[in-house]
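In the text below, chain A, chain B and the rest are named by the order of the sequence lines, each starting its count at 1.
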Protein chains: 2
Amino acid sequence: MNHIDAAQIMAADCLCFRARRTARAITRAYDAALHPTGLKATQITLMNAIALGQNSMQPVAKLGETLGLELSTLTRNLSVLERGGLVTVARALADRRVRIVSLTDTGKTRLAAALPHWKEAHTTITAALGSETTNALYTALDRATKALDVG
Amino acid sequence: MNHIDAAQIMAADCLCFRARRTARAITRAYDAALHPTGLKATQITLMNAIALGQNSMQPVAKLGETLGLELSTLTRNLSVLERGGLVTVARALADRRVRIVSLTDTGKTRLAAALPHWKEAHTTITAALGSETTNALYTALDRATKALDVG
DNA sequence: TTAAAATACTTGTATATACAAATATATCTT
DNA sequence: AAGATATATTTGTATATACAAGTATTTTAA
């Protein structure tokens with residue numbers, strides 16, 4: 001097998017490429033729909049995960065696990081939201097190593113205003129995919145995430 | 001529907017989050033396997049796309065289309081490879097707006113050395129997923145890419 | 001034949017991502 | 001209680017991504 005053959009096989013088979021390409025396309029579509037909100041899909045995903053905690057608060061480590069994100073990435077993503085006045089981060093009382101992230105009032109308002117746009121993007125995109133492809137994609141993505149979770 | 005409900009629906013349903021989370025997990029797995037090569041999955045994907053052209057050359061626009069990447073992103077990704085001596089970029093003779101990207105000899109060598117590691121990563125990961133999930137994921141990702149292609 | 005429009009990219013600016021190393025705090029061990 | 005170890009997170013450094021605006025070149029049209 002010469003290197004051109006290997007290259008053709010990679011181009012045809014690489015799961016990493018395909019997963020990333022699809023994620024890029026989906027992200028562009030969501031981001032376009034979210035443009036009027038001034039927030040990106042990744043940002044409302046993160047804010048939404050915070051909103052699901054008691055009193056719209058979550059420890060950093062829990063967010064990382066929920067989102068499947070490296071903590072170092074999370075720290076950086078949170079600092080963008082913090083700079084924008086959308087979240088605050090404070091040390092936990094019980095264990096001062098732990099940091100608790102909270103949505104500010106502004107953050108809650110902005111998230112609530114963004115969710116209808118998310119819903120619109122979601123409806124448009126799942127309609128473009130069709131229900132069969134949408135369902136197949138959900139199932140396959142979830143199985144892949146589970147399979148790769150433990151490492 | 002109050003905002004907590006909406007948040008729960010988004011957490012459960014957001015295709016963008018799921019696609020990105022899976023892409024992150026897959027990328028981490030491939031990158032770990034590629035670590036000894038000094039190249040990342042995104043980089044060998046790009047180099048491989050160049051390698052598929054006549055004489056291992058491709059115009060920038062064609063690469064963007066093949067990879068589903070914004071040209072601005074491609075310019076940046078190519079400059080990393082260029083700095084590393086793996087590719088060169090030159091103006092086309094026929095139309096001097098067009099830039100032709102070529103693998104250098106070093107680039108060809110490094111790519112050829114990396115492909116077995118890619119293959120190993122691919123085998124490990126598809127084994128972890130199982131053939132059924134792997135096939136379902138391929139099919140679903142391809143359909144999604146096609147459906148979102150025209151925008 | 002030259003001004004306008006189109007094309008093919010690059011640059012400015014900003015966010016997203018992650019590995020490796022560092023820091024801060026807590027827990028455990030002796 | 002002091003030192004060793006573990007845990008939770010941040011920082012250093014680097015790549016990946018994309019929108020908007022800019023540049024260079026070619027094509028079109030008057």
Side-chain angles (χ1 to χ4, degrees), chain A residues 16-17 19-36 38-47 58-65 67-84 86 89-101, chain B residues 16-17 19-36 38-46 58-65 67-84 86 89-101 151:
Chain A
C16 185
F17 161 52
R20 290 183 70 88
R21 179 176 54 175
T22 302
R24 284 195 297 266
I26 292 175
T27 302
R28 285 191 295 255
Y30 273 83
D31 276 352
L34 289 171
H35 190 263
L39 295 169
K40 313 195 18 161
T42 48
Q43 295 170 340
I44 72 166
T45 297
L46 175 47
M47 289 170 72
Q58 295 273 20
V60 166
K62 176 148 192 201
L63 286 175
E65 195 174 343
L67 300 172
L69 260 185
E70 291 296 314
L71 289 187
S72 60
T73 301
L74 194 44
T75 298
R76 261 57 191 259
N77 294 0
L78 284 169
S79 76
V80 172
L81 298 182
E82 207 174 4
R83 203 171 343 117
L86 302 171
V89 183
R91 285 183 187 279
L93 299 177
D95 183 340
R96 292 176 45 75
R97 289 172 301 187
V98 174
R99 307 241 184 185
I100 306 287
V101 186
Chain B
C16 185
F17 161 52
R20 291 183 69 89
R21 179 177 53 176
T22 302
R24 284 194 298 264
I26 292 175
T27 302
R28 284 191 295 254
Y30 273 83
D31 277 353
L34 289 171
H35 189 264
L39 296 169
K40 313 193 20 160
T42 49
Q43 295 171 339
I44 72 165
T45 297
L46 175 48
Q58 295 274 19
V60 167
K62 176 150 191 201
L63 285 174
E65 197 174 342
L67 301 172
L69 261 184
E70 290 296 315
L71 289 189
S72 60
T73 301
L74 194 43
T75 298
R76 260 59 189 257
N77 293 1
L78 284 170
S79 76
V80 172
L81 297 182
E82 208 175 5
R83 205 173 339 119
L86 303 171
V89 183
R91 285 183 187 278
L93 299 176
D95 183 339
R96 293 175 46 73
R97 288 170 302 186
V98 174
R99 307 243 182 183
I100 306 287
V101 186

Distance in angstrom units between [X] [atom1] and [N] [atom2], rounded:
X: B/D95; N: D/dT27; atom1: CG; atom2: C1'; answer: 10 Å
X: A/L78; N: C/dA18; atom1: CG; atom2: P; answer: 14 Å
X: B/R96; N: D/dT26; atom1: CZ; atom2: C1'; answer: 12 Å
X: B/Q58; N: C/dC9; atom1: CD; atom2: C1'; answer: 16 Å
X: B/R76; N: C/dA14; atom1: CZ; atom2: P; answer: 13 Å
X: B/L81; N: D/dA14; atom1: CG; atom2: C1'; answer: 14 Å
X: A/I26; N: C/dA16; atom1: CD1; atom2: P; answer: 17 Å
X: B/R91; N: D/dT23; atom1: CZ; atom2: P; answer: 14 Å

Please check the phosphate of [N] (OP1 and OP2 only) for any side-chain N or O of [X] closer than 4.0 Å.
X: A/R20; N: D/dT17; result: yes
X: B/T73; N: D/dT17; result: no
X: A/R28; N: D/dA18; result: yes

Enter the distance from B/E82:CD to B/N77:CG here, rounded to the nearest 0.5 Å. 12.5 Å
Distance, nearest 0.5 Å, that separates CG of A/L46 from OG1 of A/T73: 11.0 Å
For the side chain of A/S72 and the base of C/dC19, is some donor closer than 3.5 Å to an acceptor across the two? yes
By nearest atom, which of the nucleotides C/dA8, C/dT17, D/dT9 is closest to the B/R24 side chain? C/dT17
Taking for each residue the nucleotide of DNA chain D with the nearest heavy atom, is it B/L93 or B/Q43 whose nucleotide lies nearer the 5' end? B/Q43
Would you mind telling me which residue lines up with the more 5' stretch of DNA chain D, A/T27 or A/L74, judged by nearest nucleotide? A/L74
Between the protein and nucleotides 1-7 of chain D, list every N/O to N/O distance that falls short of 3.5 Å.
{"from": "D/dT7", "atom 1": "O4'", "to": "A/R97", "atom 2": "NH1", "distance (Å)": "3.4"}
{"from": "D/dT7", "atom 1": "O2", "to": "A/R97", "atom 2": "NH1", "distance (Å)": "3.2"}

Just call it for A/T42: base, sugar-phosphate, or nothing, with non-hydrogen atoms closer than 4.0 Å on any strand. sugar-phosphate
Identify whether any heavy atom of B/L69 sits under 4.0 Å from a base atom; if not, whether one sits that close to sugar-phosphate; answer base, sugar-phosphate or nothing. sugar-phosphate
I'd like to know if the side chain of A/T27 pairs up with that of B/R20 as donor and acceptor (distance under 3.5 Å, no hydrogens or angles considered). yes
Look only at the side chain of [X] and the backbone of [Y], and say whether a donor-acceptor pair between them is shorter than 3.5 Å.
X: B/D31; Y: B/K40; answer: no
X: A/E65; Y: A/K62; answer: no
X: A/R24; Y: A/A19; answer: no
X: B/R91; Y: B/R99; answer: no

Taking the nucleotide of DNA chain C with the nearest heavy atom to each, does A/R83 or B/A25 sit closer to the 5' end? A/R83
Of B/H35 and A/N77, whose nearest nucleotide on DNA chain C comes first from the 5' end? A/N77
Given side chains that start at C-beta, do those of A/L63 and A/V101 come closer than 4.5 Å, heavy atoms only? yes
